[in-house]
2 protein chains.
Amino acid sequence: MNIPRPIAETSPPPEAILEAALDEFADRGYPGARIDEIARRAGVNKAGLYYHVGNKETLYLLSLRRIFSPLAAVMAAPAPEGSPEERLRFHVARFAEGIVSDRRFAPIMLRELADHGANMPKEILAVMVSSLKRLTGVVDDGVAAGRFRPFPPPLIHFMLVGALNLSVVTAPVRARAESEGLASPAQVALPDAATLAAQMAELFLNGLRADRKE
Amino acid sequence: MNIPRPIAETSPPPEAILEAALDEFADRGYPGARIDEIARRAGVNKAGLYYHVGNKETLYLLSLRRIFSPLAAVMAAPAPEGSPEERLRFHVARFAEGIVSDRRFAPIMLRELADHGANMPKEILAVMVSSLKRLTGVVDDGVAAGRFRPFPPPLIHFMLVGALNLSVVTAPVRARAESEGLASPAQVALPDAATLAAQMAELFLNGLRADRKE
DNA sequence: GATTAGTTTAACTGTTCGGTTAATTCGAAA
DNA sequence: TTTCGAATTAACCGAACAGTTAAACTAATC
């Protein structure tokens with residue numbers, strides 16, 4: 001708490017530190033992550049790390065902000081015009097990119113949620129909420145236009161978020177299940193992220209389509 | 001490492017210890033959980049805890065086994081006969097019960113996956129795999145019978161698992177989003193677990209139904 | 001009521017780890 | 001060349017925490 005303490009806005013910490021922090025936070029979680037290890041991976045002295053970043057918590061916050069920035073960018077871009085179907089496909093595709101583009105996103109997000117989002121800054125909460133709202137807007141429009149049957153948008157959102165994050169994060173377990181003879185390769189295989197997103201979008205569209213009698 | 005060391009199979013540790021451990025592991029994760037706190041919550045002395053349970057890791061393993069046992073029971077029960085549609089509805093309903101019946105399941109499972117399932121014992125991996133396989137069986141039969149369109153079962157499974165776990169674990173964040181004015185109550189509300197599962201099953205069935213021309 | 005095995009406890013140990021300190025190095029301005 | 005602020009470093013500190021120890025307590029058995 002002495003005079004020189006450039007936090008956050010003052011001068012951004014070196015990228016190497018944030019990258020190393022993301023690696024460590026992603027595979028150990030906040031309590032498990034070790035500052036010494038982050039410093040080592042970043043190639044800086046521990047005291048140097050503390051010089052740039054005030055403490056473990058602000059380092060975590062800065063890392064969170066960084067890992068969420070692709071998704072934030074996706075949500076900051078304007079949503080396209082078009083039919084509800086096209087818009088849903090578009091949303092799913094872009095959203096999936098935002099989540100899957102960095103393998104560290106999924107573990108960090110899942111752990112953060114398991115922590116009740118206790119240290120989630122409001123700006124990041126806002127990104128998550130805005131993605132839910134965008135999906136809600138598409139679904140509501142589709143329902144209003146008589147093309148979708150009513151369905152709770154948060155549930156679709158959670159299926160989407162959940163499946164995307166799990167598909168990233170289960171990779172090692174699926175490999176293990178396979179190598180331990182619990183499942184055949186085909187039983188636990190997943191397509192690449194883009195087709196995965198497209199397949200989900202189609203399932204949602206078919207599931208929501210209102211063109212049936214009943 | 002002295003002579004008296006009743007581990008696991010020898011004599012099961014008191015329920016109070018396992019329950020306290022589950023509480024602590026669920027809301028702090030493995031590295032964040034404190035043995036002293038678990039002992040305190042369980043109303044036993046720390047050395048007493050170590051007497052019954054060898055160390056933190058075996059305590060965690062015992063807790064894992066316990067929290068997974070409802071799901072294991074669901075998977076151990078025979079799958080019913082019937083149409084693919086009925087069987088899918090049944091599977092989703094029972095599976096959801098297994099996951100949602102204890103609020104501590106979701107955070108523990110999500111954290112475990114975020115850790116690459118590194119300390120997941122094979123028997124628990126087997127439960128997860130068998131639930132995927134059961135779903136796969138239903139979907140494959142539906143496709144073979146010409147009633148479902150082909151779709152990767154693991155993806156459905158991840159949507160299901162993801163949405164169920166997220167619906168539990170996001171409760172505090174959703175409340176916060178609401179209280180901080182980021183979303184209206186209706187925008188982040190979810191039905192109870194049973195109807196949630198039923199809605200998902202219907203979405204899957206509509207999404208998979210093969211009775212369209214195209 | 002003495003013995004003994006199982007159980008509980010307070011007090012302690014050793015290590016890991018977040019954070020600090022004070023001295024040093026570096027680099028640009030003057 | 002001096003100066004001065006920013007950046008770096010080795011060494012250190014204190015707290016939290018997993019795990020241990022040795023003694024005390026309890027209850028069944030003889």
Side-chain angles (χ1 to χ4, degrees), chain A residues 1-64 108 111-112 115 118-119, chain B residues 1-64 108 111-112 115 118-119:
Chain A
M1 285 296 184
N2 15 14
I3 317 96
R5 190 70 164 294
I7 322 181
E9 316 303 337
T10 317
S11 65
E15 298 240 327
I17 292 180
L18 292 181
E19 284 299 307
L22 278 173
D23 286 342
E24 180 78 355
F25 285 130
D27 57 53
R28 299 262 185 165
Y30 182 81
R34 298 148 304 176
I35 296 287
D36 294 82
E37 178 63 16
I38 295 174
R40 199 190 60 74
R41 288 198 208 187
V44 304
N45 184 282
K46 177 159 72 151
L49 186 151
Y50 274 101
Y51 175 78
H52 289 290
V53 170
N55 53 35
K56 192 182 186 181
E57 195 180 327
T58 55
L59 177 56
Y60 180 67
L61 258 19
L62 292 171
S63 305
L64 258 194
I108 289 177
R111 284 194 230 260
E112 191 54 44
D115 280 339
N119 1 34
Chain B
M1 283 299 184
N2 15 12
I3 316 98
R5 189 72 163 294
I7 321 182
E9 316 303 335
T10 317
S11 66
E15 297 241 328
I17 292 180
L18 292 180
E19 283 300 306
L22 278 173
D23 286 342
E24 180 78 353
F25 284 131
D27 59 55
R28 299 263 186 163
Y30 183 81
R34 298 147 304 174
I35 295 287
D36 294 82
E37 177 63 16
I38 295 174
R40 199 191 59 75
R41 290 198 205 187
V44 305
N45 184 282
K46 177 159 70 151
L49 186 149
Y50 274 101
Y51 174 78
H52 288 290
V53 169
N55 53 35
K56 191 180 185 182
E57 196 180 326
T58 55
L59 177 56
Y60 180 67
L61 258 17
L62 292 171
S63 306
L64 259 193
I108 288 177
R111 283 194 231 261
E112 191 54 44
D115 281 339
N119 0 36

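So you know, we letter chains A, B, ... as the sequences are listed, proteins then strands, and number each from 1. Because the structure is predicted, anything quoted here is derived from the model rather than measured.
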Fill in the blank from the handout: Here the gap from A/R111 atom CZ to A/R28 atom CZ, rounded to the nearest 0.5 Å, amounts to 10.0 Å
Distance check needed: [N] [atom2] versus [X] [atom1], whole Å only.
| X | N | atom1 | atom2 | value |
| --- | --- | --- | --- | --- |
| B/D36 | C/dC12 | CG | P | 16 Å |
| B/Y50 | D/dT21 | OH | P | 13 Å |
| B/K56 | C/dT15 | NZ | C1' | 14 Å |
| B/L49 | C/dA10 | CG | P | 14 Å |
| B/Y30 | D/dC17 | OH | P | 14 Å |
| A/F25 | C/dG18 | CZ | C1' | 12 Å |
| A/Y60 | C/dG18 | OH | P | 15 Å |
| A/R34 | D/dC17 | CZ | P | 17 Å |

How about [X] and [Y]: do any of their side-chain heavy atoms sit closer than 4.5 Å?
| X | Y | answer |
| --- | --- | --- |
| B/P13 | B/L62 | yes |
| B/L22 | B/E19 | yes |
| B/E112 | B/Y60 | yes |
| A/I35 | A/L59 | yes |

Think [X] has a side-chain N or O under 4.0 angstrom from the OP1 or OP2 of [N]?
| X | N | answer |
| --- | --- | --- |
| A/Y51 | D/dT8 | no |
| B/N45 | C/dA10 | yes |
| B/H52 | C/dG6 | no |

Fill in the blank from the handout: By nearest-heavy-atom nucleotide on DNA chain C, the more 5' of A/I35 and B/K46 is B/K46
Exercise for the section: Would you mind telling me which residue lines up with the more 5' stretch of DNA chain C, A/R28 or A/A47, judged by nearest nucleotide? Expected result: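 Taking each residue's closest nucleotide, the earlier one in sequence belongs to A/R28.
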Practice task
Quick one: label A/A33 by what it contacts on the DNA or RNA (base, sugar-phosphate, nothing), any heavy atom closer than 4.0 Å.
Solution key: sugar-phosphate
